[in-house]
Amino acid sequence: MSRRTHPTNPAPRATVGEATAASFAPDTLSIGARHLDVGGDYLTTVAIAGYPREVHPGWLAPLLTYPGRLDVSVHVEPIDPVTAAARLRRQLAKLESGRQLGDEKGRLVDPQVEAATEDAYDLSARVARGEGRLFRLGLYLTIHATTETELADEAAAVRALAASLLLDARPVSYRSLQGWVSSLPLGLDQVRMRRTFDTPALGAAFPFASPDLSPPDPTAPAPTGVLYGVNVASSGLVHWDRFDPALDNHNAVILGRSGAGKSYLVKLELLRSLYRGIEVHVIDPEDEYARLAAAVGATYAHLGADVRINPFDLPIQITPDGRRTAPRDALVRRSLFMHTVISVLVGELSAADRGALDTAITATYQAAGLTTDPRTWNRPAPLLADLATTLASSQDPTAVTLATRLHPYTAGAFAGLFDGPTTTPGDGHLVVYSLRDLPEETKPIGTLLVLDAIWRRVSNPADRRPRLVVVDEAWLLMRQPAGADFLYRMAKSSRKYWAGLTVATQDAADVLATDLGRAIVTNSATQILLRQAPQAIDEITQVFDLSQGERHYLLSADRGQGLLAAGAQRVAFQALASTFEHQAITTNPAELAAYPDADDGFLELTGPDAPEDPYGPIDLDAS
């Protein structure tokens with residue numbers, strides 16, 4: 001007799017799918033009465049057994065904004081209309097029989113039974129008319145922690161939060177594994193602690209509303225834009241991309257009282273925009289950007305300290321291959337801009353003043369050899385003193401009067417800004433124009449000249465790239481009608497050149513008091529409000545349509561806290577900076593004293609590095 005021998009089958013190999021699933025499985029699983037230990041992660045599940053009688057849309061949103069790790073699972077099962085109608089009839093029969101029995105026994109009316117009866121009648125009528133349907137809903141909350149003690153504290157906090165929403169949260173004792181499985185994205189409800197909901201109540205239970213900003217592209221792997229800080233309501237991160245194509249423009253307006261952290265936030269956004277390769281130009285009225293410019297190797301220009309910008313310069317643009325180009329109407333544009341410059345210097349111009357000025361500007365250009373022939377535009381541009389000379393030599397008394405009014409800016413105390421050709425080209429990844437060395441009387445014209453120089457670079461069609469133009473303390477320019485008009489035109493046209501204008505000011509009333517100021521705010525897709533003064537909050541509330549909660553928040557906000565408004569979305573945030581960023585952008589005198597490399601911009605008049613006195617020491621006892 002022969003016997004056939006079967007070879008032993010080897011153990012089957014794991015498939016790719018099984019290996020992938022095994023990589024997500026926990027190393028250990030320990031099941032307790034009320035909690036689980038899943039690979040060192042302690043978790044417990046509570047089921048919602050009681051609900052409030054009336055709810056509002058998004059009423060479950062506070063569960064999603066809980067600062068700890070919390071999984072919210074909602075299981076919905078529809079009930080067919082026939083079954084729903086039969087169950088409603090039985091429920092109504094029970095309620096009515098209970099009420100009749102209570103009347104026969106002489107018992108007092110139970111308010112809860114009365115309310116349930118009215119709700120049942122109303123729901124039955126709506127289901128019969130087809131205005132709604134019934135659903136079974138199960139709501140489960142799974143809390144995570146690292147230790148059992150922390151888990152107990154977190155569970156108590158979650159149950160307290162649920163109680164504030166009039167939810168009765170019960171732990172799923174001896175069914176902790178089933179509770180965890182019910183909260184996983186598997187579609188399995190193994191606890192089956194459910195409550196019947198109608199269509200409006202179920203719709204309100206979905207927490208579609210969130211205090212966080214919705215991303216422009218939900219499919220993006222990571223948030224884009226600049227990190228502004230932390231969401232005050234949800235502790236999430238607030239990212240915002242001003243150059244998103246979905247926005248109407250790339251402009252931003254930042255309003256806040258003195259000391260609210262306005263310049264701090266502007267510098268924080270500026271620094272993080274440099275990380276993204278965005279070119280930034282800043283108008284700095286108080287030397288607040290000096291330390292930041294030194295930290296990133298920026299171009300820093302002190303207007304009035306041997307730094308000049310000639311308003312007569314033609315808008316010559318240099319292409320990447322080194323060719324010099326200019327618009328066909330460059331001379332006409334520059335002549336019109338000179339009208340704006342002179343009006344800022346001497347005030348409003350009458351019709352006679354403008355006529356005499358226009359003639360003198362044309363004659364000044366011709367005297368320098370610049371005509372309508374583009375081949376002459378490579379010659380040096382005239383200076384403001386040349387225009388004053390042309391006006392003074394005219395036979396028109398109006399022109400002579402204009403020359404007299406220009407005397408302080410050509411040969412007087414304020415001539416330092418105009419007594420030579422342009423000294424700073426304004427090239428670099430970050431260009432800061434400081435206005436602190438300028439007298440108060442010339443700061444508006446200095447701001448205007450800097451804006452014009454920046455605009456010529458921004459509008460260069462041969463060099464298109466994303467740019468930001470920051471005007472800090474914009475109220476200095478808004479005081480002049482011509483300056484405000486130039487800023488308004490820049491806000492309207494910057495999007496066409498892939499640029500964004502940032503207007504930051506502490507005098508919100510001055511900006512909102514004029515039509516041009518309101519127009520600048522209207523043409524800013526990104527609006528940031530920091531702490532406001534009680535005297536200005538009424539106008540801020542009216543212009544930005546703030547709610548009572550937002551109004552109180554802006555009045556009581558801490559330094560660095562603000563409200564980011566972008567279209568219909570609004571989020572309260574706290575500015576957040578790293579140690580390096582904070583040291584580079586802070587202007588707190590107490591903190592600057594701790595940094596030995598802090599440069600306050602002043603010269604030391606004593607010591608080995610002090611400049612020599614060409615006249616020798618002063619003898620105070622000399623008669």
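For this chain, numbers begin at 1 and follow the sequence in order.
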Nearest heavy-atom neighbours spanning [X] and [Y]:
| X | Y | answer |
| --- | --- | --- |
| Ala381 | Asp313 | CB-OD1, 3.6 Å |
| Pro382 | Leu370 | CD-CD1, 3.9 Å |
| Ile309 | Leu449 | O-CD1, 3.7 Å |
| Gly256 | Leu530 | CA-CB, 4.0 Å |
| Asn523 | Lys492 | OD1-CD, 3.4 Å |
| Phe243 | His250 | CA-ND1, 3.6 Å |

| Could you walk me through whether Arg570 and Asp545 pass the salt bridge (Lys or Arg N to Asp or Glu O under 4.0 Å) check? | CA-CA 12 Å; Arg570 294 185 178 182; Asp545 193 20; 5.6 Å; no
Within the 4.5 Å heavy-atom criterion, are [X] and [Y] side-chain neighbours or not?
| X | Y | value |
| --- | --- | --- |
| Arg464 | Tyr497 | yes |
| Glu581 | Arg272 | yes |
| Tyr433 | His302 | no |
| Val280 | Arg467 | no |
| Leu357 | Leu387 | yes |
| Pro444 | Thr447 | no |
| Phe337 | Leu448 | yes |
| Glu279 | His281 | yes |

If you measure from [atom1] on [X] to [atom2] on [Y], what distance do you get to the nearest 0.5 Å?
| X | Y | atom1 | atom2 | answer |
| --- | --- | --- | --- | --- |
| Ser524 | Asn249 | OG | CG | 6.5 Å |
| Thr389 | Leu406 | OG1 | CG | 10.5 Å |
| Leu529 | Leu255 | CG | CG | 6.0 Å |
| Leu402 | Thr390 | CG | OG1 | 12.5 Å |
| Arg456 | Leu451 | CZ | CG | 11.5 Å |
| Leu501 | Arg495 | CG | CZ | 14.5 Å |

Do [X] side-chain atoms and [Y] backbone N/O form a donor-acceptor pair below 3.5 Å?
| X | Y | result |
| --- | --- | --- |
| Asp287 | Ala290 | no |
| Arg405 | Val346 | yes |
| Thr442 | Leu438 | no |
| Arg334 | Pro311 | yes |
| Ser343 | Thr340 | yes |
| Asp386 | Leu383 | yes |

Ion pair check, [X] and [Y], cut-off under 4.0 Å:
| X | Y | result |
| --- | --- | --- |
| Arg333 | Asp452 | no |
| Asp358 | Arg354 | no |
| Glu288 | Arg436 | no |
| Asp558 | Arg531 | no |
| Glu269 | Arg242 | yes |

Quiz question: by atom type and distance under 3.5 Å, do the side chains of [X] and [Y] form a donor-acceptor pair?
| X | Y | value |
| --- | --- | --- |
| Thr422 | Asn310 | no |
| Asn251 | Ser494 | yes |
| Asp538 | Thr541 | no |

| said: Taking atom CZ as the centre, does Arg559 end up with more than 12 heavy-atom neighbours from other residues, nucleotides or ligands that are less than 6.0 angstrom away? | reply: no
| remark: In Thr502, Leu468, Leu430, the residue satisfying side chain to side chain contact (heavy atoms under 4.5 Å, CB included) with Leu270 is Leu430
| Is it true that Phe580 and His582 have ring centroids separated by less than 6.0 Å? | no
| request: Report the C-alpha separation of Tyr300 and Asp284 in whole Å, then their side-chain angles, then the decisive distance to 0.1 Å, and conclude whether the side chain to side chain contact (heavy atoms under 4.5 Å, CB included) test is met. | output: CA-CA 10 Å; Tyr300 201 81; Asp284 180 12; 3.2 Å; yes
| task | Fit a plane to each ring of Phe414 and Tyr409, take the angle between them on a 0 to 90° scale, and name the class: parallel (under 30°), tilted (30 to 60°) or perpendicular (over 60°). | result | tilted
| query | What class does the angle between the rings of Tyr365 and Phe312 fall in, given that below 30° is parallel, 30 to 60° is tilted and above 60° is perpendicular? | reply | perpendicular
| task | Under the side chain to side chain contact (heavy atoms under 4.5 Å, CB included) rule, what do Leu345 and Leu384 come out as? Steps first, then yes or no, please. | result | CA-CA 11 Å; Leu345 288 176; Leu384 187 63; 4.0 Å; yes
| request: Would you please test Lys267 and Asp472 for salt bridge (Lys or Arg N to Asp or Glu O under 4.0 Å) and show each step? | output: CA-CA 10 Å; Lys267 286 181 282 188; Asp472 206 344; over 6 Å; no
| request: Would you please test His339 and Ile361 for side chain to side chain contact (heavy atoms under 4.5 Å, CB included) and show each step? | output: CA-CA 9 Å; His339 282 265; Ile361 291 173; 4.1 Å; yes
| message | For a side chain to side chain contact (heavy atoms under 4.5 Å, CB included) check, start with the C-alpha distance between Arg457 and Val469, then their side-chain angles and the critical distance, and finish with the verdict. | response | CA-CA 11 Å; Arg457 183 171 179 84; Val469 180; over 6 Å; no
